[in-house]
Asker: 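I'd like to ask some things about the structure below.
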Amino acid sequence: MEGGENENGGKKRGCGCSKQDFLPEESFQSCRSYLNALCNTKSRLRDRLLARSADHMELHEIRGRSQHEMKKRLNWWDIIWFGIGAVMGSGIFVLTGEAARNHSGPAVVVSYLISGMTALLSVLCYTEFCVELPVGGGSFTYLRVELGDFVAYIAAGNILFEYVVAGASVARSWTSYLATLFNHDPNSFRFHASSFPEDYSHLDPIAAVVSLLICIAACMSTKGSSRFNSIATIVHLLVLLFILIVGLTKANPQHFSNFAPNGIRGILKASSILFFAYVGFDGVATLGEEVKNPGRDIPIGLIGSMLIIILLYCLLSATLILIQPYYQIDVNAPFTLAFQAIGLKWAKYIVALGALKGMTTVLLANILGQARYFTHIGRTHLAPPFLATINEKTRTPVNATVVMTLLNSIVGFFTSLDVLANLLSLTTLLIFSLIALALLVRRYYLILFLMLMIGSSIATAVYWAIGKNGWIGYAVTVPIWFIATLGLNLMVKEAKKPKLWGVPLVPWIPSASFATNVFIMASVDGASYVRFGIWTLLLLVYYVFIALHASYDAAKETTDTTSAATATCLEYGGASQLHH
């Protein structure tokens, strides 16, 4: 890993890390200073709890803590391919079966369209922030500027946990699909350790090796990673094109006759499941610091890739229904067994190859996003600042990339897919909701309408979650949401307008994004909320005892430095006037 500097100012080499790399702040220089910091926890909480950063701070002072800048090598073409590669993994091959058979029937096409448009609303909100604040922290940076340090910390801590779980899950799925290519059971490619608990006994070295190879590519060059991602994604798209063409030759339009067997509730339930097939673009937003022309490249790349994905998902789901009646679709391997049912057993190898290519690009985009999240969190000292280091030669965040890969590899090596799958879901929706809210706060500062919008959105979701089939609750909550959003639109003047690119139809789009994400959260299982609560509690412990004091010292140091620089400028300006 990249080291900092030693006491004599010389640069440390290799893995020669010291306490100063992890806790260099004043509060941790001695036991006495740490005890003094703990005694001042209450006052520091008051100072940092709602403390908000500023655009110029994130773009200059905070980013400057990495010593070296990431190279601006990416354009809109790279972002489009990263967007497709980050989102289109194995989700289409897995989630479609459950959604179609158990919930929506042939209307799975509509479910994909609804969840896709919901994701597109979030993409629009992300795009404005990414253009205005093109730094590596992604959603962490956006929330830190608009909703404050504490909210950003809790959100980022949860999203990083979910990134690790997602990375480990995809890596183990990679092994499963590789086994399929060789007609083997997935666990035959893993080692069984009988002394370990059952859910952790099938050790997966392939998952760890794949993660490490992806790490090496991510560390060497972002542009090189982009080229690899583009090639792998093109191969993936060719596989999907094959599925479409071959599938349509066996199409039977009669399979669409009973279009929505479970009505609108079945369609919406399927949408909440399929939404997770669109997740991944938020990691692409962390590449903003490396984009040549953010005002042009980011909107084209993020929005363009999402529109392509929505179209492909709708076409693929329609093709599946045309091949096989929805009630015969296999929940676990819908496309593979659908081709087998029409006499094309060999097609399962093509599907497995496409899934492998898709998961490879998802792993790459995942580790790129993880590393850049962690890098910017390290810059703020909410995480150890050695993670903020940018490699002088490659201009990539090597330290953060290696640390996150090790975490992914360890979790993926031991943990079964069943355990990992139960840990995913809630945090992504929470982040998307907060980003939409942050955009409204950025544009408008009137609290009343925002509170009405938030309250009505949550009430609508709760009414849906408790399973009420009547319309009375919606007749109250939806008009309140509409009136609150209309009030923002008509009665409140925008406090800040975007400089380069802005979301159209504000406040309607971010308000709708918030409401739809909260609505989908109502369909998340209770275990996810328990996991969220436990992990958030652990984050709070770390915050109170370490992160609060580290970030307080870092913010104080930045303020003192800025004040000193301002005073020097004023003094220099006064001396110049006296001289003249």
Side-chain angles (χ1 to χ4, degrees), residues 1-4 12-17 21-22 63 65-74 78-79 82 85-86 135-141 156-157 159-171 174 207-229 232 280 282-291 359-380 382-413:
M1 294 184 191
E2 290 289 304
K12 294 182 296 187
R13 297 183 180 277
C15 296
C17 295
D21 294 308
F22 294 88
R63 187 163 66 178
R65 291 176 182 172
S66 289
Q67 299 177 352
H68 306 292
E69 290 190 0
M70 300 184 205
K71 285 187 178 179
K72 294 183 178 295
R73 294 170 168 172
L74 305 178
D78 298 304
I79 299 300
F82 267 127
V135 292
S139 57
F140 169 75
T141 305
I159 202 75
L160 281 172
F161 176 81
E162 199 144 309
Y163 263 126
V164 170
V165 173
S169 177
V170 173
W174 205 97
V209 170
V210 169
S211 296
L212 291 173
L213 290 174
I214 294 293
C215 170
I216 293 170
C219 288
M220 290 176 64
S221 166
T222 304
K223 189 64 177 180
S225 298
S226 175
R227 293 192 187 101
F228 171 79
N229 173 78
D282 51 318
V284 181
T286 64
L287 298 171
E289 195 168 323
E290 297 156 271
V291 174
M359 286 185 286
T360 302
T361 57
V362 167
L363 277 172
L364 178 60
N366 184 284
I367 195 61
L368 288 171
Q370 280 180 322
R372 281 145 186 81
Y373 260 115
F374 228 164
T375 296
H376 203 74
I377 296 170
R379 288 167 174 170
T380 65
L382 285 167
F386 88 99
L387 294 165
T389 303
I390 302 298
N391 184 280
E392 185 176 0
K393 183 178 180 181
T394 65
R395 296 300 176 94
T396 57
V398 173
N399 288 4
T401 304
V402 171
V403 168
M404 296 310 295
T405 299
L406 289 175
L407 289 173
N408 291 352
S409 300
I410 292 169
V411 175
F413 184 74

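Only a predicted model underlies this, so the values are computations on that prediction, with no experimental measurement involved.
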Asker: If you take all heavy atoms of Phe386 and Asn399, which pair is closest and at what distance?
Answerer: O-ND2, 2.9 Å
Asker: How long is the straight-line distance from OG of Ser221 back to CZ of Arg73, given to the nearest 0.5 Å?
Answerer: 4.5 Å
Asker: Do Val164 and Gln370 touch side chain to side chain, with heavy atoms closer than 4.5 Å?
Answerer: yes
Asker: Answer whether the closest heavy-atom distance between the side chains of Thr222 and Leu74 falls below 4.5 Å.
Answerer: yes
Asker: With Thr360, which residues qualify under side chain to side chain donor-acceptor pair (under 3.5 Å), at least two apart?
Answerer: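 Result, side chain to side chain donor-acceptor pair (under 3.5 Å) vs Thr360: Trp174.
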Asker: Can you pull the salt bridge (Lys or Arg N to Asp or Glu O under 4.0 Å) pairs that have at least one residue in residues 370-380, sequence neighbours excluded?
Answerer: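 Found Glu289-Arg379, Glu290-Arg372.
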Asker: Hey, does Leu212 have a side-chain heavy atom less than 4.5 Å from the side chain of Ser409?
Answerer: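 They are in contact (side-chain heavy atoms under 4.5 Å apart), so the answer is yes.
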Asker: Identify the two heavy atoms, one from Leu387 and one from Ala383, that lie closest to each other, and give their separation to 0.1 Å.
Answerer: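 Closest approach of Leu387 to Ala383, heavy atoms only: CD1-CB, 4.1 Å.
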Asker: Can you find a heavy atom in the side chain of Thr405 that is under 4.5 Å from one in the side chain of Ile214?
Answerer: no
Asker: Which pair of heavy atoms, one from Ala388 and one from Gly378, lies closest together, and at what distance?
Answerer: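 In this case the closest contact between Ala388 and Gly378 is CB-C, 3.8 Å.
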Asker: Between Met220 and Ile216, is any pair of side-chain heavy atoms under 4.5 Å apart?
Answerer: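 Yes - at least one pair of side-chain heavy atoms lies under 4.5 Å apart.
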Asker: Tell me the closest heavy-atom pair linking Ala86 and Val362, and the distance in Å.
Answerer: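 Looks like O-CG2, 3.5 Å.
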Asker: Run the side-chain contact (heavy atoms from CB on, under 4.5 Å) test against Thr361 and tell me which residues pass, sequence neighbours left out.
Answerer: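 With neighbours one apart ignored, the set is Asn229, Ala232, Thr233.
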Asker: Evaluate the side-chain proximity of Leu160 to Met404: yes if any heavy-atom separation is below 4.5 Å, no if none is.
Answerer: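 Side chain of Met404 against side chain of Leu160, heavy atoms only: contact under 4.5 Å found.
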Asker: Going from CZ on Phe140 to OG1 on Thr375, what distance comes out if it is rounded to the nearest 0.5 angstrom?
Answerer: 11.5 Å
Asker: Write down the atom of Gly137, the atom of Thr286, and the distance for their closest heavy-atom approach.
Answerer: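 Result for this residue pair: C-CG2, 4.4 Å.
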Asker: Say you draw a straight line from CG of Leu287 to CE of Met70; how long is it, rounded to the nearest 0.5 Å?
Answerer: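 If we round to the nearest 0.5 Å, Leu287:CG and Met70:CE are 9.0 Å apart.
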Asker: Suppose the criterion is salt bridge (Lys or Arg N to Asp or Glu O under 4.0 Å): which pairs have a residue in residues 215-227, not counting sequence neighbours?
Answerer: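 Pairs touching residues 215-227 that pass the test: Asp78-Lys223.
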Asker: Taking the side chain as everything from C-beta on, heavy atoms only, tell me whether Asn366 gets closer than 4.5 Å to Val170.
Answerer: no
Asker: Find out whether Thr389 and Val398 are in side-chain contact, i.e. whether some heavy atom of one side chain is under 4.5 Å from a heavy atom of the other.
Answerer: no
Asker: Nearest 0.5 Å please: distance from the OG atom of Ser169 over to the CG atom of Leu363.
Answerer: 9.5 Å
Asker: So which heavy atom on Gly412 is nearest to which on Ala207, and how close?
Answerer: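 Smallest heavy-atom distance, with atoms named: O-CB, 4.3 Å.
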Asker: Roughly how far apart are Leu364 CG and Ser225 OG, rounded to 0.5 Å?
Answerer: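 Reported value, rounded in 0.5 Å steps: 5.0 Å.
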Asker: Under the ring-ring contact (aromatic ring centres under 6.0 Å, His included) test, which residues partner Tyr373, sequence neighbours left out?
Answerer: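 Applying ring-ring contact (aromatic ring centres under 6.0 Å, His included) to Tyr373 gives Tyr163.
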Asker: For residues 393-413, which residue pairs qualify under salt bridge (Lys or Arg N to Asp or Glu O under 4.0 Å), counting only residues two or more places apart or in two chains?
Answerer: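 Output for this query is empty, none listed.
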Asker: For the atom pair CG (Leu407) and CD1 (Ile367), what is the distance rounded to the nearest 0.5 Å?
Answerer: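 That separation rounds to 9.0 Å.
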